[in-house]
K.L.:
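My questions all concern the structure below.
Keep in mind that what you see is a predicted model, and the values were worked out from it rather than measured. Because only heavy atoms are used, hydrogens play no part in the values below, and waters and symmetry mates are left out as well, while side chains stay in. Note that ligands are numbered from 1 as they come in the structure, with each ligand's atoms numbered from 1 the same way.
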Amino acid sequence: MGFNAIAIDGPAGAGKSTVAKMLSERIGYTYIDSGALFRAITLKVIKLGIDINDIERIIFHARNSDIDFSNNKIYLDGANVSEKIRDNIINTTVSYIAMIPEIRDIVVEIQRKIASNKNVVVDGRDIGTTVFPNAFIKFFLTASVEERALRRYNELTDKKKHTLEEIKKQIIERDFIDANREASPLRQAEDAILIDTTGKSIDEVVSEMLYYVFMKGEKNFVI
Ligand code: CDP
Ligand code: CDP
């Protein structure tokens, strides 16, 4: 029997990881945060002080890293790095690391291995187009850039450190790099369901997605 993959792609702050986690819990699937994999590799590069132009060293260290998910936490070489990978320094560097085709191959392999023996919900940028082109169902989430920036700003614990304008600028820059890179850019798959989450609550978005999942034939809901 094959296993199902549900793909959720879209730009930063669209709400992918929030709804992916909730959806996975409702249908008993395992959640894979593909962005966290790129973030963990980026953390390693920064920790080792590797120049981001030193592609060979980056690839070498990524290949020799042990990255694993357990209970929705991410481990890098045995250490729980779930919080460290959210540092702002990672936000501004990760898209450069994610441009490297060999790094993308490593991350694709990790995701396919996890999905080889269980049903998964995966969020990212290239899930429906590259990682799981035959996904059971594909979603593409968007929201206006103003709303996405505000969502991210509201998450900040220390709002004095960054302005809303600064966060918005970072998001626009990261989206631009992600959508314009050569290797599997951020793109809506032809068969993906587009959901504009601007002005919608998290529950509304999850309900909408559950409806489509149900219509596709997954009737195994955890109430
Ligand atoms: O949560 P947020 O949207 O801020 O980012 P993320 O999902 O953690 O992804 C961080 C970065 O990793 C993105 O901006 C992309 O550069 C890269 N990424 C990617 O290239 N492909 C994916 N499938 C997931 C993330
Ligand atoms: O993964 P992605 O970058 O697409 O977004 P996220 O990390 O899930 O962050 C989205 C933020 O917006 C979270 O703080 C959510 O609580 C909030 N939010 C949402 O996800 N969906 C809505 N419809 C409204 C708000």
K.L.:
Any N/O of Asp33 closer than 3.5 Å to an N/O of ligand 1?
P.N.:
no
K.L.:
What residue and heavy atom of the protein are closest to atom 23 (N) of ligand 1, and at what distance?
P.N.:
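Minimum-distance protein heavy atom for atom 23 (N) of ligand 1 reads Asp126 OD1, 2.8 Å.
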K.L.:
Using a cut-off of 6.0 Å, state whether more than 12 heavy atoms not belonging to Lys84 lie near its atom NZ.
P.N.:
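No, because the 6.0 Å sphere around NZ of Lys84 holds 12 heavy atoms or fewer from other groups.
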K.L.:
Going by heavy atoms, is Glu204 under 4.0 Å from ligand 2?
P.N.:
no
K.L.:
Any non-hydrogen side-chain atom of Asp68 less than 4.5 Å from a side-chain atom of Ile74?
P.N.:
no
K.L.:
How far is atom 16 (O) of ligand 1 from its nearest protein heavy atom, and which residue and atom name does that atom have?
P.N.:
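Scanning the protein heavy atoms, the shortest distance from atom 16 (O) of ligand 1 goes to Asp178 OD1, 2.6 Å.
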K.L.:
Is the contact between Val205 and ligand 2 made by the side chain, the backbone, both, or neither, using heavy atoms and a 4.0 Å cut-off?
P.N.:
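Answer for Val205: side chain.
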K.L.:
Could you list which atoms of ligand 2 come closer than 4.0 Å to a heavy atom of Glu155?
P.N.:
9 (O), 11 (C), 13 (C), 14 (O)
K.L.:
Nearest 0.5 Å please: distance from the CZ atom of Arg148 over to the OG1 atom of Thr197.
P.N.:
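Going from CZ on Arg148 over to OG1 on Thr197, the span is 8.5 Å.
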K.L.:
Please confirm whether Ser201 comes under 4.0 Å of ligand 2, counting heavy atoms of the residue only.
P.N.:
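For ligand 2, residue contact (heavy atoms, under 4.0 Å) with Ser201 is present.
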K.L.:
Please work out whether any backbone atom (N, CA, C, O) or any side-chain heavy atom from C-beta onward of Arg148 is under 4.0 Å from ligand 1, and answer side chain, backbone, both or neither.
P.N.:
neither
K.L.:
May I ask you to identify the nearest protein heavy atom to atom 8 (O) of ligand 1, giving residue, atom name and distance to one decimal place in Å?
P.N.:
Arg39 NE, 2.6 Å
K.L.:
As a test of understanding, state which of Ile8, Leu186, Ile127 forms a side chain to side chain contact (heavy atoms under 4.5 Å, CB included) with Phe140.
P.N.:
Leu186
K.L.:
What is the closest protein heavy atom to atom 5 (O) of ligand 2, and at what distance does it sit?
P.N.:
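That would be Gly15 N, 3.1 Å.
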K.L.:
For atom 15 (C) of ligand 2, what's the nearest protein heavy atom and its distance?
P.N.:
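Minimum-distance protein heavy atom for atom 15 (C) of ligand 2 reads Thr18 OG1, 3.7 Å.
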K.L.:
With a cut-off of 4.0 Å, which atoms of ligand 1 are near a heavy atom of Ala12?
P.N.:
3 (O)
K.L.:
With Ile100, which of Ile41, Ile106, Ile58 fulfils side chain to side chain contact (heavy atoms under 4.5 Å, CB included)?
P.N.:
Ile58
K.L.:
Students should be able to answer this: which protein heavy-atom is nearest to atom 10 (C) of ligand 1, and at what distance?
P.N.:
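So the nearest neighbour among protein heavy atoms is Arg174 NH1, 3.5 Å.
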K.L.:
Find all atoms of ligand 1 within a distance of less than 4.0 Å from any non-hydrogen atom belonging to Val94, and give their numbers and elements.
P.N.:
10 (C), 11 (C), 12 (O)
K.L.:
In terms of heavy-atom contacts, does CD of Glu146 have more than 12 from other residues, nucleotides or ligands at under 6.0 Å?
P.N.:
yes
K.L.:
Tell me: protein heavy atom nearest atom 21 (N) of ligand 1, and distance?
P.N.:
Arg104 NH2, 3.0 Å
K.L.:
For Tyr31 and Asp123: C-alpha separation, side-chain torsions, deciding distance, then whether side-chain hydrogen bond (donor to acceptor under 3.5 Å, both in side chains) applies.
P.N.:
CA-CA 8 Å; Tyr31 167 54; Asp123 84 304; 2.8 Å; yes
K.L.:
Ignoring hydrogens and angles, state whether a donor on the side chain of Ser82 or Lys73 is under 3.5 Å from an acceptor on the partner side chain.
P.N.:
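No, Lys73 and Ser82 have no side-chain donor paired with an acceptor closer than 3.5 Å.
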K.L.:
Closer than 4.0 Å to some heavy atom of Lys200 - which atoms of ligand 2 meet that?
P.N.:
22 (C), 23 (N), 24 (C)
K.L.:
Could you tell me if Tyr29 and Glu218 have a donor-acceptor pair between their side chains, going purely by distance under 3.5 Å?
P.N.:
yes
K.L.:
Give me the nearest non-hydrogen protein atom to atom 24 (C) of ligand 1 as residue plus atom name, then the distance to 0.1 Å.
P.N.:
Ser34 OG, 3.3 Å
K.L.:
Going from NZ on Lys200 to OG on Ser207, what distance comes out if it is rounded to the nearest 0.5 angstrom?
P.N.:
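These two atoms lie 11.0 Å from each other.
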K.L.:
Just do the side-chain hydrogen bond (donor to acceptor under 3.5 Å, both in side chains) check on Ser201 and Asp203 with the steps written out, would you?
P.N.:
CA-CA 5 Å; Ser201 71; Asp203 281 346; 5.6 Å; no
K.L.:
Below 4.0 angstrom from a heavy atom of Arg152, which ligand 2 atoms are there? Numbered from 1 as shown, please.
P.N.:
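What qualifies from ligand 2 is 2 (P), 3 (O), 5 (O), 6 (P), 7 (O), 9 (O).
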K.L.:
Which ligand 1 atoms are under 4.0 Å away from a heavy-atom of Ala98?
P.N.:
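Once the distances to Ala98 are compared, the set is 16 (O), 17 (C), 20 (O).
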K.L.:
If you count the non-hydrogen atoms of other residues, nucleotides and ligands that lie under 6.0 Å from NZ in Lys169, is the total more than 12?
P.N.:
no
K.L.:
Around atom 25 (C) of ligand 2, find the nearest protein heavy atom and jot down its residue, atom name and distance.
P.N.:
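The closest one turns out to be Arg151 NE, 3.5 Å.
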K.L.:
Just which atoms of ligand 1 are under 4.0 Å from any heavy atom in Lys16?
P.N.:
3 (O)
K.L.:
Could you tell me which atoms of ligand 2, counted from 1 in the order shown, lie closer than 4.0 angstrom to a heavy atom of Pro11?
P.N.:
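Those atoms are 4 (O).
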K.L.:
Taking atom CD1 of Ile167 and atom NZ of Lys161, what is their separation to the nearest 0.5 Å?
P.N.:
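Rounded to the nearest 0.5 Å, the CD1-NZ separation comes to 11.5 Å.
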K.L.:
What residue and atom, counting heavy atoms only, is the protein's closest point to atom 19 (C) of ligand 2, and at what distance?
P.N.:
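Answer, as residue, atom name and distance: Ile202 CG1, 3.5 Å.
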K.L.:
Is any N or O atom of Ser17, backbone or side chain, closer than 3.5 Å to an N or O atom of ligand 1?
P.N.:
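No; every N/O pair is 3.5 Å or more apart.
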K.L.:
Stepwise, does the side-chain hydrogen bond (donor to acceptor under 3.5 Å, both in side chains) test hold for Ser17 with Asp33?
P.N.:
CA-CA 7 Å; Ser17 46; Asp33 178 352; 5.4 Å; no
K.L.:
Between Arg104 and Ser184, does a side-chain hydrogen bond (donor to acceptor under 3.5 Å, both in side chains) hold up when you go through it step by step?
P.N.:
CA-CA 8 Å; Arg104 304 203 66 81; Ser184 34; 3.1 Å; yes
K.L.:
If we only consider heavy atoms of Gly35, is any one of them less than 4.0 Å away from an atom in ligand 2?
P.N.:
no
K.L.:
Tell me: protein heavy atom nearest atom 18 (N) of ligand 1, and distance?
P.N.:
Phe38 CD1, 3.6 Å
K.L.:
Which heavy atom of the protein is the closest neighbour of atom 22 (C) of ligand 1, given with residue, atom name and distance?
P.N.:
Arg125 N, 3.3 Å
K.L.:
With Asn91, which of Arg39, Gln170, Arg86, Glu173 fulfils side-chain hydrogen bond (donor to acceptor under 3.5 Å, both in side chains)?
P.N.:
Arg39
